[in-house]
Number of protein chains: 4
Amino acid sequence: MQRDAVGAGMVSPRQLMASLVAEGVLTDPDSPRGRLLNAAARLFEQKGFARTTVREIAAEVGILSGSIFHHFASKEDILCSVMQEVTVYARARMASAVAGADSPRERLRACILCELEAIHGLAVPGFSILVAEWRSLSADSQRSVLRLRDEYERIWLETIGGADCPGGDPALTRRLLLGALSHSHSWFKPKGRGLSLVELADRVLLIFAPQ
Amino acid sequence: MQRDAVGAGMVSPRQLMASLVAEGVLTDPDSPRGRLLNAAARLFEQKGFARTTVREIAAEVGILSGSIFHHFASKEDILCSVMQEVTVYARARMASAVAGADSPRERLRACILCELEAIHGLAVPGFSILVAEWRSLSADSQRSVLRLRDEYERIWLETIGGADCPGGDPALTRRLLLGALSHSHSWFKPKGRGLSLVELADRVLLIFAPQ
Amino acid sequence: MQRDAVGAGMVSPRQLMASLVAEGVLTDPDSPRGRLLNAAARLFEQKGFARTTVREIAAEVGILSGSIFHHFASKEDILCSVMQEVTVYARARMASAVAGADSPRERLRACILCELEAIHGLAVPGFSILVAEWRSLSADSQRSVLRLRDEYERIWLETIGGADCPGGDPALTRRLLLGALSHSHSWFKPKGRGLSLVELADRVLLIFAPQ
Amino acid sequence: MQRDAVGAGMVSPRQLMASLVAEGVLTDPDSPRGRLLNAAARLFEQKGFARTTVREIAAEVGILSGSIFHHFASKEDILCSVMQEVTVYARARMASAVAGADSPRERLRACILCELEAIHGLAVPGFSILVAEWRSLSADSQRSVLRLRDEYERIWLETIGGADCPGGDPALTRRLLLGALSHSHSWFKPKGRGLSLVELADRVLLIFAPQ
DNA sequence: GATGAATGAGGATTCATTCAT
DNA sequence: TATGAATGAATCCTCATTCAT
């Protein structure tokens, strides 16, 4: 029997985003700022932060490069904002996914799938940037993102602690998992005729929580 | 009882490198070109390829930026050369490490430790660049590195296939391992009072090949 | 009796240029781009393309070198644009000059004087660049200029064909004329107390169309 | 009846050069310096002085760029030397050609053909450089070449004065001729199935000295 | 909010030239 | 004489950022 994707029983990505926008904790993706963030996320993911120019980001949403600075203080501010938005969204999504899972093992599965979907842009573009471009951020910006990320990681640690993972060190397990999952961005093609994302999640689960 | 590091029974890094240099398959690290490669590897690892200037690389070995182009055709050529050298060296080291291990499980452990040592620059600086800066390479350069890397990966796949890894898909296991290990570059501090590299390797082994 | 210069009965250079600018086929010489083109033409003529730096061109119009690339894609693009503008203008001027001449011989005289005036910058600066810097242009750029030049040369060939030139090969005559006239750029000084441009044209006419 | 080329009755190019080398007024083309001069002349003609690097010249004769400066003081010195050699050789050849012609008209024909052969590299490569790269030379170097060229031009002027050229101004006629002939370098292909060099010379003669 | 021209510091790269070996 | 590593100034070009309109 095909297991359910994370989405089952959850609010849809669109609904979730809408409610976060309503709460004022996320930028409206249809606003100029929101469209810039999306374009930037896509480009940073595709070509990397350093190789993306503000001109390209601006062109992507049909404005000129100078106009970007009405919305962001600097190029780094764009990156930081992207990361913040991604973090906020991923955290909400993760909370919702875990809440909808019954057993400890299901919860871990939900976390893995949730992060995989984020990494591969199914839910929100830009998650892989968090790992790949971390060093492009100034120390201050890193702190601001880390603060937002805290709870996201807390959920992960609790979930790993609850599941029966070998090694007995949830922090280490989490780090290995983060590396393994985020690297999948460079080789896993969800469109392919091979593994689906859900299948990949199950394989990973089998390794990090056997039985 | 403290298990042995990979190095036990192997030729020393220095000896290995010397013999590879003698074979003409590696650049003499004391030659101008070799010193440039080392400096570049260090800087690329520290700050990333895009954020490193040729001026900095040149300054690191005490020459002027223009002089670099006596040894390399372009900045990208430096990156490509670094990756090639790292690959050649890591391959030789890996072959030697695996050859010195008796059981399948020991061989896997040797692979993991070997790669961890490479990632953390204990053996050769620059291995983590292979993952982190892969996209900074042109398609042609990528191919040239991949050709050299082929056997390295072949050893990995055979070793994983021989060990009793869950999942039954050595290629997938390898990819997850590569992600998990290379990401350790951004959080693991070998100097720290925490885990040692050998201990980290054993933990990873426990997860990817339980029992 | 002093014969008339080409200008007689023609629209003035200023009027002609103004109408071409209005048609959108020439750049407004008062626009930033136009001023850059003029400065570049003057410098290329004076010192040659290779020995002229973009800094100098920029300085000539009071901007910094980097700002040039808002208007042109590359230094070669500047050269190409100069040649295109010069060609368009010279073509219009030539057409107008020939149209105002009554006899075949007068038409040839008009062509010669028109090209001489162009070469010596009396009408438009930069014509001599067309010959002197032709090899500095990429093959693609050469084609784009040649397309614009086609009609200019067609007028020449028809005019030579109509006049009673010895040799009976208008194409050859044109080539010899072009060489002879454009070389005058390096020795003829219109300001001098010697020959005037009009006199020079008449001498050339006497040689290439005797009687 | 096919008219004779200049060469008829003259010493062969090879003999002429040999005797000039013997006199010490020309560099032995088989000496290192001579081979450098030939390579440079060919490259300057092909790509222009500014676009030719000393590396290319050196490579052409199989030495390294640094070694060039054992033979020449600077890149400009190479250009100057090329022009001097070309001038000396052309002068000797011209004298010999004119001496072998009987009538004034024949003498003019010999001059034209002689210069055409020089321009198209049949006798010595590099003559077209004299016109095309004149501005690449410093004032001092220009003077040194002009001194050598004096007699060459004197022969031209006397010959033109002796022939029955229209216009009555040998200096002007010479200048127009020089422009017309040297420009042929950019369009005339001696190999082609069209005009031969001798035929071209006869056409030119017909224009500049009718009847 | 948007424009687009301009900035200006900095980037990689070129290349004639030098000089110890 | 030849080498080849190094120089160092200059080159074209890039790009985040500013600002008057």
Side-chain angles (χ1 to χ4, degrees), chain A residues 31-33 35-36 40 49-59 61-79, chain B residues 31-33 35-36 49-59 61-79, chain C residues 31-33 35-36 49-58 61-79, chain D residues 31-33 36 40 49-59 61-79:
Chain A
S31 69
R33 183 187 156 96
R35 282 186 295 132
L36 281 170
F49 175 70
R51 277 181 299 281
T52 301
T53 69
V54 293
R55 252 183 181 70
E56 289 169 319
I57 300 173
V61 309
I63 64 174
L64 289 178
S65 70
S67 311
I68 279 201
F69 297 90
H70 285 282
H71 303 280
F72 300 95
S74 66
K75 189 186 173 191
E76 206 221 297
D77 184 29
I78 304 179
L79 177 60
Chain B
S31 70
R33 182 186 156 98
R35 281 185 297 132
L36 281 170
F49 175 71
R51 277 178 301 280
T52 301
T53 69
V54 291
R55 257 181 183 73
E56 289 169 322
I57 302 173
V61 308
I63 63 173
L64 289 180
S65 71
S67 311
I68 281 201
F69 296 91
H70 265 277
H71 304 281
F72 301 96
S74 66
K75 190 186 171 191
E76 207 221 295
D77 184 29
I78 304 179
L79 178 58
Chain C
S31 70
R33 183 186 155 97
R35 280 186 295 132
L36 281 170
F49 175 72
R51 278 178 301 278
T52 301
T53 70
V54 292
R55 254 182 182 72
E56 290 169 319
I57 301 173
V61 308
I63 62 174
L64 289 179
S65 72
S67 311
I68 280 202
F69 297 91
H70 266 276
H71 305 280
F72 301 96
S74 67
K75 190 188 171 190
E76 206 221 297
D77 185 28
I78 304 179
L79 177 59
Chain D
S31 70
R33 182 187 155 95
L36 280 171
F49 175 71
R51 279 178 299 280
T52 301
T53 69
V54 293
R55 254 185 180 69
E56 289 169 319
I57 301 172
V61 309
I63 64 174
L64 288 177
S65 70
S67 312
I68 279 201
F69 296 90
H70 285 281
H71 303 280
F72 300 96
S74 67
K75 191 188 172 190
E76 206 221 297
D77 184 29
I78 304 180
L79 177 59

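These numbers were taken from a predicted model, which means no experiment stands behind them. Every chain is numbered from 1 and lettered A, B, ... according to where its sequence line falls, protein lines coming before strand lines.
Protein atom CD1 of C:I78 is 11 Å distant from nucleotide atom C1' of F:dC13, rounded to whole Å. The CD1-P distance, from D:I68 to F:dG4, rounds to 15 Å in whole Å. Distance, D:F69 CZ to F:dG4 C1': 14 Å, rounded to whole Å. In this entry the distance linking CG of D:L36 with P of F:dT1 reads 12 Å, nearest Å.
Comparing F:dT3, F:dA16, F:dT7 against the side chain of A:K75 picks out F:dA16 as the nearest. Residue A:T53 places its side chain closer to F:dC15 than to any other of F:dA2, F:dC13, F:dC15.
Applying the Watson-Crick and G-U wobble criteria (two distances, each under 3.5 Å), F:dT21 pairs with E:dA2. If you check F:dG8 for Watson-Crick or wobble pairing at under 3.5 angstrom, you find it paired to E:dC15.
For DNA chain E, the outermost nucleotides in 5' to 3' order that have an atom under 4.0 Å from a heavy atom of chain C are E:dA5 to E:dG8.
When each of D:S67 and D:T52 is assigned the nucleotide of DNA chain E bearing its nearest heavy atom, the one mapping closer to the 5' terminus is D:T52. Heavy-atom nearest nucleotides on DNA chain E were determined for B:F49 and for D:A50, and the one closer to the 5' end corresponds to B:F49. Two residues, A:V54 and B:L64, neighbour DNA chain F, and the one matched to the more 5' nucleotide by heavy-atom proximity is B:L64.
Residue contacts for C:S65: at a heavy-atom cut-off of 4.0 Å it reaches a base atom on one of the strands shown.
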Legend entry - Audit row: B:S74, B:D77, side chain to side chain contact (heavy atoms under 4.5 Å, CB included) steps and yes/no: CA-CA 5 Å; B:S74 66; B:D77 184 29; 3.6 Å; yes
Inset, instruction - Please assess B:I78 against B:L36 for the test side chain to side chain contact (heavy atoms under 4.5 Å, CB included), listing each intermediate value before the final yes or no. - result: CA-CA 9 Å; B:I78 304 179; B:L36 281 170; over 6 Å; no
